[in-house]
J.: 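Can you keep this structure in mind? I'll have questions shortly.
Just so it is clear: chains get the letters A, B, ... in the order the sequence lines come, proteins before strands, and each one is counted from 1.
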Amino acid sequence: MRRPAARAIEGQELALVGVLAVLWLVLGLTTDTFFTAGNLGAILFNVAPIALIGIGMTAVIVTAGIDVSVGSAVAVVMVIVAKLIHDGGTPMPVAVLVALGVGALLGLVNGGLVAYGRIHPIIVTFATLNIFRFVALQIFDGRQVTGIPDTLGFFGGGGEGRLLGVPNAWLLAVVLAAIMWFYMRAWPTGRHLYAIGGDAQAARLAGVRVRRRQLFAYVLTGALVGLAGCVFIGTGGLVIQNAGEGLELQVIAAVVIGGTSIVGGRGTVLGTMLGALLVGTVTSAVTLLGWPSELTTLFVGVFILVAVGVDLLRARRRGTL
Amino acid sequence: MKLPKRDTGALEYVLTERVVLLVALLAVVLVWFKVLEGGQYLVAPFDAGYLASALESMVPLCLLALAELLVIVSGRGGIDLSVGSVVSLAGMAFGFMVGLWGWPLLPAAVGAVLVGGVLGAVNGFLTAYLRFPPLIATLATYYAYSSIAMVSNDKAPISTKPVQDLSALTDGVKLPLLPAIPLQVFTFLMPCLVIVWLVLTRSTYGRKLYAVGTNDVAATFATLSVPRVRLSAYVGSGLLAGVAAVVTVAQFASARPDAGTVGNGMALPAITIAVLGGVAIQGGIGTVGGVFVAALLVTWLNAGLLLAFEDSKGSQYQLLALGVVLILSALLNTLTLRRYGRIT
Amino acid sequence: MLELRGIVKRYGGVHALRGVDFDVQPGEVHALVGENGAGKSTLIKIVSGAERADAGTITLDGDPLASASTAAAIDAGIATVYQEPHLFGELTVAENVFLGRELRRRKGGPVDWRAQRKRVVELLDRLGVDSGIADVRVADLPVAEQQLVSISKAFAQDARILILDEPSAILTDREIEVLFGVVRNLRAGGVGIIYISHRLDELAQISDRVTVLRDGQVVAAKPTSELTVRAVAELMVGHELALAPDRPARQFAGTPVLQVSGLTRVDEFEPFDLSVGEGEVVALYGLIGSGASAIARALYGVDPADRGAVHVDGQPLRLRTPRDASAAGIAMVPGNRAVQGVFAPKSIAFNLSTAHLGFLSKVPGWLDRARERMVARDLIDRLSIRAKGPQTRVAALSGGNQQKTLIARQLVKRPRVLLLEEPTQGVDVGAKDEIHRIVSELAENGSAIVVASSDLPEVLGLADRVLVVRRGKVVAAFGRGARQADVLAAAAGEAA
Amino acid sequence: GCTKKTSDQTPTGGASGDEQITVAFVPKLEGVPYFQAMNTGGQKAAKELGLKWIQKGGTTADPGAQTEIVKSLIQQQVDVLVVAPNDPDSMAPVLQEAKDKGIHVMTSDTDAPNSVREVFVNQATADGIGTTIMDSLATAMGEKGKFAIVSCGQTAANLNSWIEVEKKVAAEKYKNMQLVDTVYAGEDEPKAVSMAKDLMNAHPDLTGFIGQCTTSAPGVAKAVREAGKIGTVFTVGLGTPQGMKGYLEDGSSSTSVLWDVENLGYLTAWAAQKLAKGEQLDESNKVSDGIPDAKWFADQKMLLLGDPLQITKDNADKFNY
Ligand SMILES: Nc1ncnc2c1ncn2[C@@H]1O[C@H](COP(=O)(O)OP(=O)(O)OP(=O)(O)O)[C@@H](O)[C@H]1O
Ligand SMILES: Nc1ncnc2c1ncn2[C@@H]1O[C@H](COP(=O)(O)OP(=O)(O)OP(=O)(O)O)[C@@H](O)[C@H]1O
Ligand SMILES: [Mg+2]
Ligand SMILES: [Mg+2]
């Protein structure tokens, strides 16, 4: 029972790497198309927005919070940015800044209500899920945005959005995840996120600025939602009213498959990245293998159960729950 | 030792008794729309007949909010994200039994409710015995059940003649002095409300559920079987979702594989109503009365908003109203708890 | 150096503090005592910034201590050990000790793990704790060690003012001795210390001054030398205490009510035998981690034994869950009131009836609410639980009255065997006497009673027989009238 | 709602005498350009024919939301209620209720054949749409090669009926063309893009896509554009002209098959007025200059707008939706 706690790689992460390796191996052997640059690039691009938001969501869930409003928030960001670059010809740097700013602002609303209004995060974000969608619809004003130029092509899935065949969006997610991973592991304020998730009251008594850290987690998530919005707009085209619907559950699925404890206090960004990859692989594998697409959610559900179940088993063997 | 003093002022009463607060809010909403109507700001009369017919959309939501009441009260982060998928899947089962296998109504309805119970039992087993966090377990089954519902009839709804005839179950009934109220209010909702209320407030099981939700370690020491109590809360949730499935199939005269998950799905509104009704996310707190009044409030507010706009703005403002009401009531909770240290 | 003037604090309707003056000087240990709910914890929470006073001033060296934030108090040099340990199970001991005040490799840089670890090892050594635990997750430690981690956390702050809220409640006498040594060193170094305890005998050993709180008001503040334990106790309760009359040991014959043989739980206790007769009170006395509580828990089926036989009234039992135990007439009052005991937000009636739902229903499955209320009212009277009525929420009660409620729960249906774990932990002297009286009464009415306790005076005052447990083994047995020193020595492993 | 709604107009209700007729149209969901265009057509008819046109839809495409809206319109006592049902059978009970209250009931865009509707205004027959799409795709692909269908809602009845026709036409007429997979992206454009990419990766020799609805038509075109396969992979779909314009121009979409949606709105309003006045429809109706010949099939109670339109880069700008 007395064992050192700090490890570089958590068991869950190793397990996920194993599962991914096996899955990729099987797919590589059973299909002759899995290990093509086009396919891998497509998977990485598809999971990028989930991974990006997942970075923030990991911080939020580690503090024992949750944010189910990200799907609606992404719609707000997207409609604003899409209208800016479509109607106003706004250049990319400004558009990205606006996306980050709008996202962070929405995160501030969530974080403010959680930290300072002392409302349970799931209630706050259920409410803002509705409110943000309302805001987005008001800005849409009854018209979806079509003919959006490829101003944000850097983030998109086209050729412009790739570096040596790897989607920029994924590279961005990897870099941000690495920074966040290091921050949560080695910085005092990063460690405080775990303390808050373990016991917010105790953290407060230890002198942790609990509310500031909570606010940070939600604002960060918001800003990353902004980036994800840029990825979704990408090479342009159209933005529709239901943009982002259901995204929150996909992100949460990636985070929990990655080993983050939904009750807070435990989890890493690395795990989330792996979880997102797993979800992305499963989704594209279903198409690749020619199985009916309605089976995708069944597999995602099963993976959640297996991943969390393995974690639970290990926790039980360790004697703590 | 000093006894805690309790000043039982009217304000404290309204704030700490959630049902009272909600009834007051409901009155405000009704009066407000009545005033708007008088000032001819509404496109149609906001009258009793309209309110009664709006109850139709309340029935499944209220049933599912009751389901959430049970699981949230059971504690340890209790929540059921899968109720919408259960509605879809149990509804498809109902559709098969009535529409394709030609079962008579009653056994089919019972069968569908039981299917719901079994699906709930899976959730309960995962959370209570395998100790999955409820949010995770029901997120997973939400995905899985919705997929199975989709596959069950190859994506197609079932709306054969026997299924279409089911809509007779949801006709309006005319009572003296009252406008026509949808039949399912009496045949499905009322019985469920009464049963859940009796179980929660009068039965020993209700006591156990509140005890387990409040403090499960203490409940173990008090000789309660914590996993069994939790499991049954999820079974109860599944059964109620099964009832909601039967109502939904009857109301729409069609068993649709995406009935409970289309759009925003049914789970989120149901949880919202439960929370608005004073069900505390941390478990152990929540009443049937609160949930019922919250469901009425949301239904009639939504119905009123549709009359306040000639065009589609009404359904957009429904989103805003739901979010704002939820946040305000939660803020009020925080204030009340800080000021009076309790809430019911 | 620290001065509080006219501090007022209300929680809703509860007037926790009504104008308290209090001060601490450098190089002084100032004890704060009072009945449960007198307001001690509230007062120190206000000093530490965990709560905000409704009125009154706090000054440190004459400057007002303005903001009510824990971070500000810590920065001002005030370190606090709260009554309940506030630790983070998923983090290591070293991280816990420095949480909120991490050592960094450079200003604004990452955490300096190595330096932190080194300091923690030093601190744990000073407190006589195995320093090997520095890298262990706190969740993997027993409660007593957690309390010590919590104390090292406060020591790590090199504070000018150190607040200790009942640090000794779950520590053993030996651990307390080490703690006192460290506290004396700090005092010599000019640190001002606020010390809260219910163990009045400790006051003479450690404190220089005593302030007695009653009902949120100061009723006395005197140098310790001018007070006796008895005088303090009387100030606390507000009336003179009658000395508990010593009673002779009782004799027991016939079949024992509870018969335990060869009971074993791997890593916790070794084959254990016990027999308790009708009306007998047997105490299991042991220092923390000795296994005494573990035996009680095993007898209640919470952490079931691996081997061994248990009989009640001659019937063999299979004890896998508390339900098994309860069916055989075994009841338990657990040691951790807040976690294992009460349903705090619920009413007294709810708390009492929850363990007896079958018993309190006329129609199976349906609660007889009139009877429930009646039973609750009766028990509130019999145990003089200070509450308005059966509907009062337990959270609104003081610790002692919560504990009485827990005991009352086991009186709804008279148990054949009653297991009590630390029955008066954190309970004031007045309530303690009442609880002891209730336990004796139960015994006289024929229940067999097992008390697992690390409170030596309690053990000696209550029990007919004392079994001393050390490292999971019964190492000695004493009858009534044993000398404190002998029992303590056996427990600590010096004799035998 | 801060503007007076009823004071400045004649009271609605009973269609007797010369009172203005009120026609309410409930689209599947509000805010998409498609239904926006129907609204434009309806409003135009309202002005020219002297009726009142109300369009009121929900924020999500679900039958529950539609039912609530229909109820509010029943309460409003409109003269004619027109619905484009999300699920045909689900609307039957509430349409019955409307009829019982003396309101004329119609469907438009999507039929509810088992309901009490008196007229169904059909944009084009399933045969017409399916055949035109398949023919267009065959032309683009040179009548040979593999293709896939990216549809939207898995349960959308009219989409599924069009897919059936397409399959039939492909099997009968284009023996060298092979349908490899049909996938469902929901009303989710980014998902349509990613599924189309997955399909291209799974079948490297795929040369054609059908985007079955107004979100997946631009979706498949975007996927082709981003994959850099313009000229090798051809797409045809049911996209709105302005939404498809960019893709039609760069060749990622060959043809968009649709109908004049504004005319559909106009025809719907016109038919509703006829119905309310109790006038008979002729076998062939000259409705307006834009709709010279709307055919009435009395046996099916169906009024047909005409043949589908083929929208290409040359005529896309004739439509402003
Ligand atoms: N958070 C709270 N909410 C409501 N009442 C409270 C709260 N904390 C303390 N009280 C009440 O304030 C009074 C003083 O409590 P406090 O904890 O300060 O007593 P104490 O002297 O530390 O008692 P103990 O010896 O049991 O620790 C009690 O009546 C208690 O019930
Ligand atoms: N979570 C745990 N996992 C493994 N061993 C444990 C755990 N908790 C306690 N132990 C060990 O079990 C033995 C008995 O512990 P326990 O806490 O029951 O002692 P106790 O003296 O009966 O309790 P208390 O000090 O609370 O009166 C000790 O050796 C202790 O180290
Ligand atoms: Mg205290
Ligand atoms: Mg012990």
J.: Given heavy-atom pairs under 4.5 angstrom as the criterion, report whether the side chain, backbone, both or neither of Ile54(D) touches chain B.
T.: side chain
J.: Measure distances from Thr67(D) to the heavy atoms of chain B and classify the residue's part below 4.5 Å as side chain, backbone, both or neither.
T.: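 Thr67(D) touches chain B through side-chain heavy atoms alone.
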J.: Below 4.0 angstrom, N of the basic side chain to O of the carboxylate: do Glu310(B) and Lys52(D) qualify?
T.: yes
J.: Who among Ala24(D), Gly58(D), Pro93(D), Pro88(D) has the most heavy-atom pairs with chain B under 4.5 Å?
T.: Pro93(D)
J.: Is the shortest side-chain heavy-atom distance between Leu100(B) and Ile158(B) below 4.5 Å?
T.: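 Yes, at least one pair of side-chain atoms sits under 4.5 Å.
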J.: What part of Asp47(B) gets closer than 4.5 Å to chain D, counting heavy atoms only: side chain, backbone, both or neither?
T.: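 Asp47(B) touches chain D through backbone and side-chain heavy atoms alike.
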J.: Counting only heavy atoms closer than 4.5 Å, note whether Leu319(B) contacts chain D via side chain, backbone, both or neither.
T.: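 Interface part for Leu319(B): side chain.
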J.: Go through the atoms of Gln154(D) and report whether side chain, backbone, both or neither lie under 4.5 Å from a heavy atom of chain B.
T.: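 Gln154(D) touches chain B through backbone and side-chain heavy atoms alike.
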J.: Hey, are Glu68(D) and Lys71(D) close enough for a salt bridge, meaning a charged N less than 4.0 Å from a carboxylate O?
T.: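 Lys71(D) and Glu68(D): not salt-bridged.
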J.: Less than 4.5 Å apart, any side-chain heavy atom of Glu187(D) and any of Cys213(D)?
T.: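 Touching, per the 4.5 Å side-chain cut-off.
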J.: Against chain B, label Ala61(D) side chain, backbone, both or neither, depending on which of its atoms sit under 4.5 Å from a heavy atom there.
T.: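 When you check distances to chain B, only backbone atoms of Ala61(D) fall under 4.5 Å.
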J.: Can you tell which of Ala168(B), Pro257(B), Ser53(B), Ser57(B) has the highest number of heavy-atom pairs within less than 4.5 Å of chain D?
T.: Ser53(B)
J.: Is the count of non-hydrogen atoms from other residues, nucleotides or ligands lying under 6.0 Å from Lys99(D) atom NZ greater than 12?
T.: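 Open.
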J.: Does some side-chain heavy atom of Met92(B) sit less than 4.5 Å from a side-chain heavy atom of Ile148(B)?
T.: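 No. Closest side-chain heavy atoms not under 4.5 Å.
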J.: Contact part of Pro157(B) toward chain D, heavy-atom cut-off under 4.5 Å: side chain, backbone, both or neither?
T.: side chain
J.: Examine whether an atom of Thr60(D) lies under 4.5 Å from a heavy atom of chain B, and if so say whether it belongs to the side chain, the backbone or both; otherwise answer neither.
T.: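 Contact with chain B involves the side chain of Thr60(D) alone.
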J.: Using the side-chain contact (heavy atoms from CB on, under 4.5 Å) rule, pick out the option among Ile103(D), Asp79(D), Val80(D), Leu81(D) that qualifies with Thr22(D).
T.: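 When Ile103(D), Asp79(D), Val80(D), Leu81(D) are each tested with Thr22(D), the side-chain contact (heavy atoms from CB on, under 4.5 Å) holds only for Asp79(D).
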J.: Are the side chains of Phe94(B) and Val163(B) in contact, using a 4.5 Å heavy-atom criterion?
T.: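 Not in contact.
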J.: Quick one: what part of Ala253(B) sits under 4.5 Å from any heavy atom of chain D, side chain, backbone, both or neither?
T.: both
J.: Under 4.5 Å, counting heavy-atom pairs only, tell me which of Ser90(D), Ser72(D), Pro27(D), Ala157(D) racks up the most with chain B.
T.: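 Counting heavy-atom pairs under 4.5 Å, the top option is Ser90(D).
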J.: Salt bridge or not for Arg256(B) and Asp258(B), using N-O below 4.0 Å?
T.: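 Salt bridge: yes.
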J.: At a 4.5 Å cut-off on heavy atoms, which part of Gln316(B) comes close to chain D: side chain, backbone, both, or neither?
T.: both
J.: Sort out for me which of Gln75(D), Glu30(D), Gln96(D), Met91(D) touches chain B most, counting heavy-atom pairs under 4.5 Å.
T.: Gln75(D)
